[in-house]
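Down below is the structure, laid out as structure tokens.
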Amino acid sequence: MLQVNNIVFSYNKTIAINNVSFSLSKASFICIIGESGCGKSTLLKLIYGLHDLEEGQIFWDKIEVFGPKINLIPGMDFMKYLAQDFDLMPYITVAENVGKYLSNIYPEIKKARINELLEVVEMTQYASVKAKNLSGGQMQRVAIARVLALEPEVLLLDEPFSHIDNFRKNSLRRKLFSYLKEKEITTLIATHDSTDVLSFADEVLVMKRGEIIEKGTPNSIYNNPNSKYTASLFGDVNEITINDKNKFVYPNQLRVVQKSNLKVKIQNSYYRGSHYLIESKSENSTIFFNSNHKIEPNTIIFLEVIDDILNQNH
Ligand code: ADP
Ligand code: MG
């Protein structure tokens, strides 16, 4: 298991990771979410041993992870790290990139392994294309295959889908994440995209300004966020006072009713494909809610929080 104990790290005196601790059990799938600049990439780099810790320790089982001061060749064998700014070897093919770290002793086994990995990232048909001729998203898929090649025990993925088109992201995510689960690879993924998180993560760590401010299952973090910051990572969110308590309510958790205490005036309707996101104003704040129809500006309507949300939120 991976154990991170009270680690602290600064870039030139500016603190980037401030007393972070957590542990992961083997074969678990953990997502780190948080706004840009909160320290996600730095945390992954520290876990991989690319920087020296100022304080604290990191262990995988009994092995301590050391930074470059002690471990001259940065990185640990049992871990693989996919950087946000991954790089491929431009003048060799996709298949050669994926197989770069695989042994040449059994060429047939190597070839089969490369094919299996290209299948996972949906790049089979590009096997013999030179990396420099690929799009950014295609390069990223090859980079994912390359870090999987040696079947690491721990995989650190930094924004692994940032360059990949939406239409491909969903199927790639499902394929990759089920592959990782099947192989029982412990995975830590940093992302700002909440759709990476909700379906697949066993646990979510929420980071803000170098600290972990919240952790829990995707369901508990989504339904009972401790702060507006956390709730906002999942999209638009309203802070509504119900029975003298402040609740974080997502646009899909509100519905239009005949009469209620929450009276709003419509401002705008934004088309979202499956629905409209409606921007409205209550007495003291802006309220977003979903509707199947566009609503004329200045219409006055009443909103209600749907019941099961009230039961779920404490
Ligand atoms: P995230 O991945 O969540 O966007 P980062 O870990 O990249 O956040 O950055 C955390 C903080 O550290 C930010 O304030 C960023 O500006 C700073 N930072 C990151 N890399 C460096 C660096 N190489 N030198 C100096 N400051 C850095
Ligand atoms: Mg980053």
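Note that ligands are numbered from 1 as they come in the structure, with each ligand's atoms numbered from 1 the same way. No experiment lies behind these values; they were computed from the predicted model shown. Every heavy atom of this structure was used, including side-chain atoms; hydrogens, water molecules and symmetry mates were not.
Under a 4.0 Å criterion applied to the non-hydrogen atoms of Ser36, ligand 1 contributes the atoms 4 (O). Ligand 1 places these atoms under 4.0 Å from at least one heavy atom of Thr42: 5 (P), 6 (O), 9 (O), 10 (C).
Geometric assessment of Lys208 against the ring of Tyr229 yields a positive cation-pi assignment under the 6.0 Å and 45° thresholds. The side-chain tip of Arg173 does not point at the ring of Phe200 from less than 6.0 angstrom away and within 45° of straight on.
Atom CD of residue Glu159 and atom CD1 of residue Ile189 lie 8.5 Å apart, to the nearest 0.5 angstrom.
Contact analysis leaves Gly34 out of contact with ligand 1, as no non-hydrogen atom separation drops below 4.0 angstrom.
Counting heavy atoms of neighbouring residues, nucleotides and ligands inside a 6.0 Å radius, atom NZ of Lys175 exceeds 12 of them. Around atom CG of Asn284, more than 12 heavy atoms belonging to other residues, nucleotides or ligands sit under 6.0 Å away. Heavy atoms of other residues, nucleotides or ligands lying less than 6.0 angstrom from CE of Met89 number 12 at most.
Protein heavy atom in closest approach to atom 24 (N) of ligand 1: Tyr11 CD2, 3.5 Å. Nearest protein heavy-atom contact of atom 8 (O) of ligand 1 is Gly39 N, 3.2 Å. With hydrogens left out, the protein atom closest to atom 14 (O) of ligand 1 is Gly37 O, 3.8 Å, a heavy atom. Shortest contact from atom 7 (O) of ligand 1 to any protein heavy atom: Ser41 CB, 3.7 Å.
A tilted orientation is assigned to the rings of Tyr276 and Tyr271, their planes being inclined by 30° to 60°. In this structure, Tyr250 and Tyr222 have parallel ring planes: the angle between them is below the 30° cut-off, well short of the 60° mark.
No hydrogens or angles considered: nothing links the side chains of Gln84 and Ser162 as a donor-acceptor pair under 3.5 Å.
Within the protein, the N, O or S atoms sitting under 2.8 Å from the Mg ion (ligand 2) are Ser41 OG, Gln84 OE1.
Applying the salt bridge (Lys or Arg N to Asp or Glu O under 4.0 Å) test to Glu116 and every residue at least two apart in sequence or in another chain returns Arg113, Lys183.
Polar contact with ligand 1: present for Cys38 (N/O pair, distance under 3.5 Å).
Not a single protein heavy atom sits closer than 4.0 Å to atom 16 (O) of ligand 1.
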